[in-house]
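Labels below follow one simple rule: chain letters A, B, ... track the order of the sequence lines, proteins then strands, and each chain is numbered from 1.
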Number of protein chains: 2
Amino acid sequence: MLSKSEENYLKAIFHLSVKAEKGISTNAIAQQLDTKASSVTDMVKKLSEKELVLYVKYQGVTLTDKGEKIAANVIRKHRLWEVLLVQKFNFNWDEVHEVAEQLEHIHSKKLIDEMDAFLGFPKHDPHGDPIPDKDGNINFLEKSLLSTIDVNMKAVCVGVKDTSSDFLRYLDKQEIALGKEIAVLEKEAFDNSMLIRIGTNEFTISQQIATNIYVKNKE
Amino acid sequence: MLSKSEENYLKAIFHLSVKAEKGISTNAIAQQLDTKASSVTDMVKKLSEKELVLYVKYQGVTLTDKGEKIAANVIRKHRLWEVLLVQKFNFNWDEVHEVAEQLEHIHSKKLIDEMDAFLGFPKHDPHGDPIPDKDGNINFLEKSLLSTIDVNMKAVCVGVKDTSSDFLRYLDKQEIALGKEIAVLEKEAFDNSMLIRIGTNEFTISQQIATNIYVKNKE
DNA sequence: TCAAATTTTTAGACTTACCTAAAAATAAAT
DNA sequence: ATTTATTTTTAGGTAAGTCTAAAAATTTGA
């Protein structure tokens with residue numbers, strides 16, 4: 001059974017691997033986990049001995065199949081717990097992360113399977129991120145940033161990039177939520193702000209907002 | 001915030017204090033936690049510095065009010081999680097302990113308050129043990145061992161002493177459960193076995209069984 | 001009561017997961 | 001192509017929580 005720390009390293013490497021081609025650098029992992037590069041080197045050696053990562057000195061790390069499966073399972077647990085907290089325990093989507101960080105390390109296969117069923121086998125967490133299945137398969141759906149949508153086009157909100165409380169509470173205030181249709185009415189070339197319509201509400205959002213909302217094109 | 005280990009020590013001392021008058025001995029704690037006396041001495045010193053226990057060398061420990069409140073809160077969490085597992089997640093009462101041992105160390109006041117409400121503010125866990133309230137008050141209900149009930153008297157099952165899987169599964173098999181009425185029909189002086197009736201079922205139980213079931217007298 | 005048995009504490013060591021500071025390797029730039 | 005800058009690793013150290021073995025205190029009992 002892996003320690004909480006080992007699981008957190010695998011999870012971090014998993015997340016960093018989504019966008020990266022080559023091996024993940026020691027520094028990148030250190031930044032992700034808010035720790036020092038030397039600590040990462042130590043841990044990566046240990047994970048390598050356990051055959052959870054491939055590690056060549058000075059050349060970064062890659063998850064093995066075994067490591068990837070464990071990482072996906074930790075993420076599965078994290079996201080299922082988030083769904084439980086929001087749907088059954090009245091948590092807001094900006095309150096779930098910290099608790100889910102703890103809950104994701106509870107070891108009980110039965111617990112997570114039963115919870116999955118209890119929640120009706122959800123496919124996404126409250127932020128729109130896909131929940132890996134029992135075997136660690138994850139469904140990366142195609143999504144674009146709202147900022148890339150052309151004027152006069154419509155799109156549906158499917159996720160968020162930034163998950164900070166400040167940002168999520170801003171979205172709540174503007175009534176931007178998963179599944180909502182967003183129409184792009186105007187784009188301002190000067191600062192890349194855009195005028196959008198959600199339902200009957202029309203308002204302007206900054207580029208910073210638009211680059212943190214994931215959408216799926218209509219049709 | 002206390003570590004998992006510190007919380008476990010406080011919980012162990014709390015449980016041992018229920019029956020003890022004097023301070024709890026180092027050895028008793030070591031046995032309860034399956035560790036060594038020397039480790040207990042170390043930890044007890046630390047808890048003493050934090051003013052969670054009173055400790056005098058060679059004379060055992062006692063919880064302070066602060067320590068007792070924390071211990072009761074850990075037990076509260078443990079028992080609420082047990083209720084959730086049994087009532088919502090299809091766990092049997094012999095399967096909950098190990099997972100609850102992990103879950104009791106999750107830190108989130110909101111989580112436990114919401115869960116309490118979600119479960120309808122239960123007063124007892126699946127084994128009949130009382131759940132402490134938010135302030136750490138615990139309702140020790142008066143209960144007797146089934147073995148002490150006189151012939152021709154009736155009593156209601158309110159708890160179990162032994163919580164091993166073997167014992168709990170035996171109870172399931174015999175359909176002995178919390179809230180069931182048990183009539184004592186005969187007692188055998190030779191081996192202290194008793195003939196009992198539950199519903200329409202009549203059968204004999206050994207003294208060992210009878211001294212591990214808590215009951216409340218009818219009336 | 002005072003020696004023997006038991007309990008408890010101390011002393012020193014180990015593991016995990018960190019850290020800092022310095023050395024080594026790699027990458028960038030003139 | 002070297003020098004410079006950056007990244008990564010090594011070396012050595014710390015804190016929490018555990019252990020074993022030996023010393024000290026307490027309890028038991030003849």
Report all interatomic pairs (protein N or O, nucleotide N or O of nucleotides 12-14 of chain D) with separations under 3.5 Å.
none

Practice item. Would you mind reading off the distance between B:Met43 atom CE and D:dA15 atom C1', rounded to a whole angstrom? Key: 12 Å
**Study point:** D:dT18 OP1/OP2 closer than 4.0 Å to side-chain N/O of B:Ser39
**Key:** no
Review point. Among all residues two or more places apart in sequence or in another chain, which pass the side chain to side chain donor-acceptor pair (under 3.5 Å) test with B:Asp172?
Key: B:Trp93
Practice item. Using atom types as modelled and distance alone, determine if a side-chain donor or acceptor of B:Lys77 lies under 3.5 Å from a backbone N or O of B:Ile106. Key: yes
**Study point:** Residues in salt bridge (charged side-chain N to carboxylate O under 4.0 Å, His left out) contact with B:Lys57, at least two apart in sequence or another chain
**Key:** none
Point to revise | Whether A:Asp191 side chain and A:Ser193 backbone form a donor-acceptor pair below 3.5 Å | key: yes
Check your understanding: A:Ser48 side chain to A:Val44 main-chain N or O, any donor-acceptor pair under 3.5 Å?
Key -> no
Review point. Would you find a donor on one side and an acceptor on the other, under 3.5 Å apart, between the side chain of A:Asp125 and the backbone of A:His127?
Key: yes
Check your understanding: Quick one: are B:Met115 and B:Trp81 in side-chain contact, heavy atoms under 4.5 Å?
Key -> yes
Check your understanding: Would you say the side chain of A:Phe91 lies within less than 4.5 Å of the side chain of A:Glu82, judging by non-hydrogen atoms?
Key -> no
Practice item. Would you mind reporting whether A:Met194 and A:Leu146 have side-chain heavy atoms less than 4.5 Å apart? Key: yes
Point to revise | Whole-Å gap separating C1' (D:dA25) and OH (B:Tyr55) | key: 11 Å
Check your understanding: Given atom NZ of A:Lys36 and atom C1' of D:dA11, what is their separation to the nearest angstrom?
Key -> 17 Å
Check your understanding: Ignoring hydrogens and angles, does a donor from either the side chain of A:Ser38 or the base of D:dT8 sit under 3.5 Å from an acceptor on the other?
Key -> no
Point to revise | Qualifying residue for side chain to side chain contact (heavy atoms under 4.5 Å, CB included) with B:Tyr9, from B:Val53, B:Leu52, B:Thr35 | key: B:Thr35
**Study point:** Between P of D:dA16 and CG of B:Leu47, the distance in whole Å
**Key:** 13 Å
Review point. Taking DNA chain D as the partner, which of residues 12-33 of chain A come within under 4.0 angstrom of it by heavy atom?
Key: A:Ser25, A:Thr26, A:Asn27
Exercise for review: Determine the contact category for A:Ser5: base if any of its heavy atoms lies under 4.0 Å from a base atom, sugar-phosphate if only primed atoms, P, OP1 or OP2 are that close, otherwise nothing.
Suggested key: sugar-phosphate
Study note, to complete from the structure: Minimal heavy-atom distance between B:Val215 and B:Cys157, with the atoms involved, is CG1-CA, 4.1 Å
Check your understanding: Does B:Lys88 reach the main-chain N or O of A:Glu114 with its side chain, forming a donor-acceptor pair under 3.5 Å?
Key -> no
Point to revise | B:Tyr9 side chain near D:dT18 phosphate (N/O to OP1/OP2, under 4.0 Å) | key: yes
Please write out the pairs of protein N or O atoms and N or O atoms of nucleotides 25-28 of chain C separated by less than 3.5 Å, giving the distance to one decimal.
residue, atom, partner, partner atom, Å
C:dA25, O4', A:Tyr58, OH, 3.3

Practice item. Check for a donor-acceptor pair, side chain of B:Glu51 on one end and backbone N or O of B:Lys66 on the other, with a separation under 3.5 Å. Key: no
Review point. Could you state the NZ-C1' distance from B:Lys45 to D:dA16, rounded to the nearest angstrom?
Key: 15 Å
**Study point:** Gap between atom CZ of A:Arg76 and atom CG of A:Asn73 - 0.5 Å precision
**Key:** 7.0 Å
Check your understanding: Where along residues 99-107 of chain A does a heavy atom fall under 4.0 Å from DNA chain D?
Key -> none
